[in-house]
Protein chains: 2
Amino acid sequence: MARHAGVSTTAVSKVLRNAYGTSPQMHRLVRAAVDQLGYRPSAAARALRGRTWTVGVMLPDVRNPFFADILDGVAEHLDGSEYQVLMTSGCNDAASEARVTEAMIDRSMDGLILIAPVSLPAHLERVARTVPTVVIGRHSRSARYDTVNDDDFTGAGLMVAHLAGLGHRRIAHIEHHETDRVRLAEMPNALRADGYRHAMLEHGLAAHIDIASTSYTRDGGHHGARILLDREHPPTAIFAGADVVALGVLDALAEAGLSVPGDISVTGYDNIALAGYRPISLTTVDQAGHRIGTTATQLLLDRIAEPGRPAVQVKLTPTPAVRATTGPPR
Amino acid sequence: MARHAGVSTTAVSKVLRNAYGTSPQMHRLVRAAVDQLGYRPSAAARALRGRTWTVGVMLPDVRNPFFADILDGVAEHLDGSEYQVLMTSGCNDAASEARVTEAMIDRSMDGLILIAPVSLPAHLERVARTVPTVVIGRHSRSARYDTVNDDDFTGAGLMVAHLAGLGHRRIAHIEHHETDRVRLAEMPNALRADGYRHAMLEHGLAAHIDIASTSYTRDGGHHGARILLDREHPPTAIFAGADVVALGVLDALAEAGLSVPGDISVTGYDNIALAGYRPISLTTVDQAGHRIGTTATQLLLDRIAEPGRPAVQVKLTPTPAVRATTGPPR
DNA sequence: ATGAAAGCGCTAACAG
DNA sequence: CTGTTAGCGCTTTCAT
């Protein structure tokens, strides 16, 4: 390759990286040779000395459409840059998360974006010590990694306020059951439940606080709705902690022969693309996944440029998306 | 590292790869040192000599849930193996596909799985010449790469037969518009349209063949339905070429105040997870995405082991999934 | 401004 | 069975 251009390998390396010390003449020679030979530098060899121009994105679940919005933001921000995004999916427990982060570190990626990880804080800390890292969806204050979050506490309040404003009093919530003490304070699901409790208090509805503890899945929503409907005084509105949960709730209500919002109102959280699909038209909280993605990416690039910089915690403000699954109570 | 274990670097390398020529004694020493130091081999350095233990999966769109089923199959088959899956998403045109395949080759991945690529055959051929490749969702006969497909021609016939069996005669189809001649014969969407035409002929419904040419998206479905409803003799059943298209159709029908399946029947193709969601309950064709994934993965591993082996074309048989969006015509 | 040379962390061929 | 040695394709001093 260098021989074909009639210059040294050093020259080629310099030109390709726009490094200091190259003449226009050299530039031309190298470019010509690159085009002719269709030369591509080996990322593997580069990795041994410098950058890989690769950022890794860890995704818990491809099926959750909310994450797709985040990915769009990441991709858009990196579009046109030299960086390539490589992702992994299907990490739903600490063990597989550890495996995946290790794998990304082994492949000397330049930076990592971890979306809604469930690992213990200590593990996130360890990862961030090794490679520039940005965490999405964990309300932790680390000195080593930046975080981008939606204000889940406020977001939950938005839904309670909306339902209370419609005249609902028996507003129930379906939360994701979390057992681990260390993680508890950091997880969005916990903050949503807290925000729900706090808002109920503020609206003078403390007596009607009612939480079903299942999981953030469609099945969890279905199950949660069944639990709530079996209460002595069933709720007139259900605030599901996530849109996928709300889908399960809607299913269970249809099964029980209840109309929405006639008999009972339903809200979700996330504003996944499907929530806006007309036959569903779910009232929910918009998390601006796209902006979460672009913000996280910018932070990552900053951190790659200056690994020791002080960590920042970005908290974005959610907005309500009112649609057709909520209305005044009977 | 080797010093800490009191052996040579070769020894370490051999033990870690379970290569020939290691004593149990050596094994123990190395293992102990690895555990103590938390040593991890650098994939980058490995790549320079041997394998990276990485397979790349190119995904056109994270939002299409059918692809998630394929990914599940891939992940399951590779679970427990040394391989790590890294994916890219958001390739919806030939240019970005080329960028992504290049990126994966640059990073010396051991093998590639390309899902529903739109690149020209020549490009696929070029990729496959460089790295072991399996292509999903392209009915091409290449000597260099293996393919895994669903029998789209037969699948389309399944839906026509189902609708005709219910008594429908004016059965319309919404296809994905394809212009490129070279690609045309290879694309699943084209085969579904062909299968539709052929089945209509077989059922003596040639006179009722009616195709709206839009795209495999929800908007495409919505638009296609509008076109078909404006016909002088609107269809009594719409066979959408993909489930996402059917979702758009259902939306347009609800908008037009038509009931399903009372006024009009709708079917999709793919059997995405959402199709089984009760409030939707879409009649569709099950492609067994999971099996497509495991099959493709096995073929890739075989091809990595023996790059020159003759290419195989696997064609899986689709099955109908009859749900609530189809019924007898008025 | 340019190129020679060392070395990143591994693997493979070979000698002991 | 074990260790020495020579690269893999780059980047990075450091002479020239």
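This is a predicted model, so every value here is computed, not measured.
- Separating the CZ atom of B/R51 from the C1' atom of C/dT11 is a distance of 13 Å, rounded to the nearest angstrom.
- Considering only side-chain N and O atoms, B/S13 lies nowhere under 4.0 angstrom from the phosphate OP1 or OP2 of C/dC10.
- Using a 4.5 Å cut-off on side-chain heavy atoms (C-beta onward), A/S89 and A/D61 make no contact.
- Set against D/dT4, C/dA4, D/dC10, the side chain of B/T10 has D/dT4 as its closest nucleotide.
- Atom CE in B/M26 sits about 8 Å away from atom C1' in D/dG3, given to the nearest Å.
- Checking the phosphate oxygens (OP1, OP2) of C/dT11, a side-chain nitrogen or oxygen of B/R46 falls inside 4.0 Å.
- Residue A/K14 contributes atom NZ, which lies 10 Å from atom C1' of D/dC14 at whole-angstrom precision.
- We find that CG of A/L16 is positioned 13 Å from P of D/dT12, with the value rounded to whole Å.
- Counting heavy-atom neighbours within 6.0 Å of A/R51 CZ, excluding the residue itself, gives a total above 12.
- A/N18 has its CG atom 16 Å from the C1' atom of C/dA1, to the nearest Å.
- Considering only heavy atoms from C-beta on, A/M58 stays 4.5 Å or farther from A/I113 through its side chain.
- Each of B/T133, B/V134, B/I136 was scored for a side-chain contact (heavy atoms from CB on, under 4.5 Å) with B/D146, with one residue passing: B/V134.
- Rounded to an integer number of Å, the gap from B/R40 CZ to C/dC8 C1' is 19 Å.
- In this structure, B/S42 reaches the sugar-phosphate backbone alone: every heavy-atom distance under 4.0 Å involves primed, P, OP1 or OP2 atoms, never a base.
- Among the heavy atoms of the strands lying under 4.0 Å from B/S23 are primed sugar atoms or P, OP1, OP2 only; no base atom is included.
- Taking 4.5 Å as the limit, some side-chain heavy atom of B/P132 sits within range of a side-chain heavy atom of B/L300.
- For B/W53 and C/dT11, the CH2 to P distance is 11 Å, given to the nearest whole Å.
- Remark: P of D/dG7 and CZ of A/R49 are 19 Å apart, rounded to the nearest angstrom.
- In this structure, B/L48 and B/P24 both approach DNA chain D, and ranking their closest nucleotides by distance from the 5' end singles out B/P24.
- Of the two residues near DNA chain D, B/V7 and B/A45, the one whose nearest nucleotide lies more 5' is B/V7.
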